Structures are given as structure tokens and as C-alpha cells.
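We name chains A, B, ... by the order of the sequence lines, and we start the count at 1 in each one. Keep in mind that this is a model prediction, so the values were computed, not measured.
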Amino acid sequence: MANIQRAILSWYDQNKRELPWRTSKNPYFIWISEVVLQQTRVEQGAPFFYRLISVFPSIEDLAAADEKDVLLAWKGLGYYSRARNLHKAARQIMEMHGGVFPTNHTELIKLAGIGGYTAAAISSISFNEPVAAIDGNVIRIVSRLLDLPGPVESAQTAKVIKEFANEILSKNRPGDFNQALMDLGSLICTPKSPDCLECPVMEVCIARANNSQHLRPVKKPKKKAVNRFLIFKIIINQGKILMVQQQKGSIWENLHLFPFDELPSEEAFLSELARENKVLMEPSLHVLSHQRLNYAVLISENKPPITHGNWLTPDEIHDLPTPILVPRILTHIENQLAPLF
DNA sequence: AACGCGGGGTG
DNA sequence: CACCCAGCGTT
């Protein structure tokens, strides 16, 4: 175990990535980076990290902000509950800890949006607590080192991974070691075609010995994405557009969207569009992880009985927390209907 | 244990 | 197309 640990730390010291959040161990910045990077690639998250620490330089700033402004800074990154929980946790830290960041895994995991991984990352990097931060990279690396045949989602396999990760963890440099595994997973032990010949622990990797590295990790089959068919309605009145805030429990909870109809099938969707002559955008596809949104955009002049919603100018809509779909459609509209605005 | 939750990159 | 990404909260 000590050999594995030394080999990985030594590799890290020579090959670690220079990342924006690695210039400081301030737990506030580490926290922001970790939440941004949940299920998000480094290249995609980095601009949002800069934006967030620029708009909210301290935990006091974040706690004092309106949730709307946190969501606005988050606009375009996805998984918006992360932004709501970030804001909520900032207030929890102000109220429950007097604005002082909790310094250990047990306290951190109680905060909104901080689970086992994020608590381990913050406590190890900022406070030197020896606890393994197990993310997708670590799961992949350990499942290969041990050549684990069971699905990594199962509690059994997860336990094996957790115990092994904590066993090889450097107790002197836990933060560095956790980040070393992530860099190793990102640069060498990649999901497809891992670069085993460059791996510092090639000799002890059982999957490598069995030539099964491409079969690891074993994962349970995922549910197929479902198709949905949406027709967005651009309802304009005196240069203002009607926007509706989404309800709790729906996709894009709390975010603002053009009012839309959902059609039950592709046939209904297409026949509805064929009946319309006010189509602004031909059918397009917006792919999410678990659903495929087929959507079209049309101008609706007749005023349906909308009881809730806000009439807003394009500029005001750009400053609204919305899914990325909205600014895209809005730009399209502004180009086509410039005289109206 | 299963599911919902975004958006983008890659082979 | 499928798969994955510095996961978490809810059921």
C-alpha cells in the first residue's frame, strides 16, 4: 500500500494540473469549486468558478445575496439545485457556525448540497483531514486496480472501493493524494483507452494484468432517455414577452421559461405544428441526460387565459434565471423580430 | 436501490 | 447514437 501511495504522490508532484482553485486552500473557494465540478468537467466549470467568486467574493456576500442572483450566476451550468443549495449552505454557515467554515467531514456533510464526496474533498484539501474523496475518477481507478467485477453502484462494491481508497490514502498529504487520484483518472486512467503505459501504478493494477481495464468499471445499465414534445409560445404585447416561472417538482424548477404546451406524441406535435402558420423556429432538439426535448417555437397572438406570469423585455429576460434554452431562443427571436423591440 | 436533475464533450 | 463528467437529495 505504501508503494502505491508513494508512486501516486510522486507522479502527482510532477504531473499535476494547474487549476484555478489550486492557488488557495481557503475552504470557501475550495467549496465553490467542488460544487461547480459536481458532474461537471473542469473545462466547463472553470468559467463559472471565476464568475461565482467574482460576484460573491466571500461567504458573507453569498449568504447576503438573493437566491435569484445566485441562480443567475449559475445560468447555463445546469443542475440548478446546486446553486440553491450553495446559497442555502452559505446561510447555514452564517447562522449555525457564525460565518466560520466547518473544519471536518462530520460537520461539512450536514450542509445543504455537501455529500460524502464534497465533504471529504473540502476537509482533506483545506483542513488536512485524512478521508478519501471518492468521485467518478476514484471509482474507475480502484475498480481497475482491484479488477472489481461487480457493478460499482452496488453497496457491496462501493464499500470495497471506499475501504481501499482510505487504505492507500496518504495520511500526511490527504488533500494532495485525493487530487492526485482525480488527475490520474482524468489524464491517464481515462474511461476509454486508458494510457496504462504511462500509469505510475501499472505494475500493481490487476485489471491491467488481466487485460480487462477496458471492462472496468462495470456499471448497471441506464434508463433510456424519453422523448418529450414541447411547443413554446412567444406571446408579445407592446414589446414585452410573457414568461412563466416553473413549478416546484418540474424540470427547471423555479426557473423562468416561455409558456409552453406539451404534446403527448410526435404525431400530435407535428400535426399541431402543421396547423400553425406562426412558427418562429422549426422543430429542434435539446438533449438532456434523461430526456430528449423536441421543441418548436411559435408566436401566439391570441391571449390564452394566463393567470400567472410576467411581461418582460428581452433585456430583462436575459437577466432572469433560466435554462440555457431561453437565451438561445430569445436571440433567435430578436433577430427575426427586431422591429418589435 | 432507483430516480430526477443540465449541459456539454467525446468516440 | 451511448457514455461520461471532482454528486446530491428524495423516495
Side-chain angles (χ1 to χ4, degrees), chain A residues 16-17 19-22 29-49 71 74-86 88-89 108-125 132-141 150-158 165 175-187 189-194 214 217-228 246 248-255 257 285-293 321-328:
Chain A
K16 71 175 176 184
R17 294 175 288 180
L19 299 175
W21 40 89
R22 285 188 175 167
F29 298 122
I30 300 298
W31 172 47
I32 300 283
S33 74
E34 292 299 341
V35 176
V36 163
L37 292 171
Q38 287 168 6
Q39 293 293 283
T40 304
R41 295 169 188 278
V42 163
E43 313 82 67
Q44 186 187 3
F48 288 87
F49 171 76
L71 284 167
W74 205 269
K75 185 173 178 176
L77 189 54
Y79 281 162
Y80 297 92
S81 66
R82 289 183 291 174
R84 285 190 288 273
N85 283 332
L86 196 75
K88 182 175 179 180
L108 285 166
I109 205 171
K110 296 177 184 173
L111 296 168
I114 297 187
Y117 162 77
T118 305
I122 296 172
S123 68
S124 67
I125 295 171
I134 299 170
D135 73 331
N137 290 301
V138 177
I139 290 170
R140 186 170 58 253
I141 292 171
V152 293
E153 295 90 346
S154 77
Q156 311 275 352
T157 305
D176 283 347
F177 188 85
N178 281 330
Q179 296 180 87
L181 282 185
M182 296 183 216
D183 279 12
L184 189 62
S186 171
L187 299 174
C189 196
T190 52
K192 299 171 186 178
S193 58
H214 57 292
V218 173
K219 297 208 168 185
K220 290 184 178 177
K222 291 174 187 172
K223 243 182 63 174
K224 254 183 60 177
V226 297
N227 268 303
R228 291 178 66 181
Q246 299 306 294
K248 178 171 183 176
S250 72
I251 189 174
W252 297 319
E253 174 180 333
N254 292 5
L255 302 188
L257 215 56
L285 186 63
H286 186 74
V287 182
L288 305 179
S289 7
H290 53 297
Q291 37 189 326
R292 300 159 48 83
L293 301 180
T322 69
I324 198 67
L325 211 49
V326 167
R328 285 186 185 152

[X] side chain, from C-beta outward: closest of [options]:
{"X": "A/H290", "options": "B/dG4, B/dG7, C/dC5", "answer": "B/dG4"}
{"X": "A/K222", "options": "C/dC3, B/dC5, B/dG7", "answer": "C/dC3"}
{"X": "A/A155", "options": "C/dA6, C/dC3, B/dA1", "answer": "B/dA1"}

With sequence neighbours left out, what residues match [X] under salt bridge (charged side-chain N to carboxylate O under 4.0 Å, His left out)?
{"X": "A/R228", "value": "A/E262"}
{"X": "A/R41", "value": "none"}
{"X": "A/R22", "value": "A/D183"}

So what does [X] hit on the nucleic acid, given a heavy-atom distance under 4.0 Å: a base, only sugar-phosphate, or nothing?
{"X": "A/V42", "value": "base"}
{"X": "A/G116", "value": "sugar-phosphate"}
{"X": "A/R84", "value": "nothing"}

Problem set entry | Listed partners of A/L288 passing side-chain contact (heavy atoms from CB on, under 4.5 Å), at least two apart | A/I251, A/W252, A/H286, A/Q291, A/L293
Show every donor-acceptor pair shorter than 3.5 Å between a side-chain atom in residues 110-120 of chain A and any protein atom, with sequence neighbours excluded, or say none if there are none.
unit_1	atom_1	unit_2	atom_2	d
A/K110	NZ	A/E107	OE2	3.2
A/Y117	OH	A/E34	OE1	2.7
A/T118	OG1	A/Q38	NE2	3.0

Check: protein-nucleotides 9-11 of chain B nitrogen or oxygen pairs below 3.5 Å:
none

For this session: For B/dG7, take OP1 and OP2 only and decide whether either is under 4.0 Å from a side-chain N or O of A/Y80.
Result: yes
Problem set entry | Earlier contact from the 5' end, DNA chain C, for A/I114 and A/L19 | A/L19
Exercise. Any donor-acceptor pair under 3.5 Å joining the side chain of A/T118 to the base of C/dG7?
Worked result: no
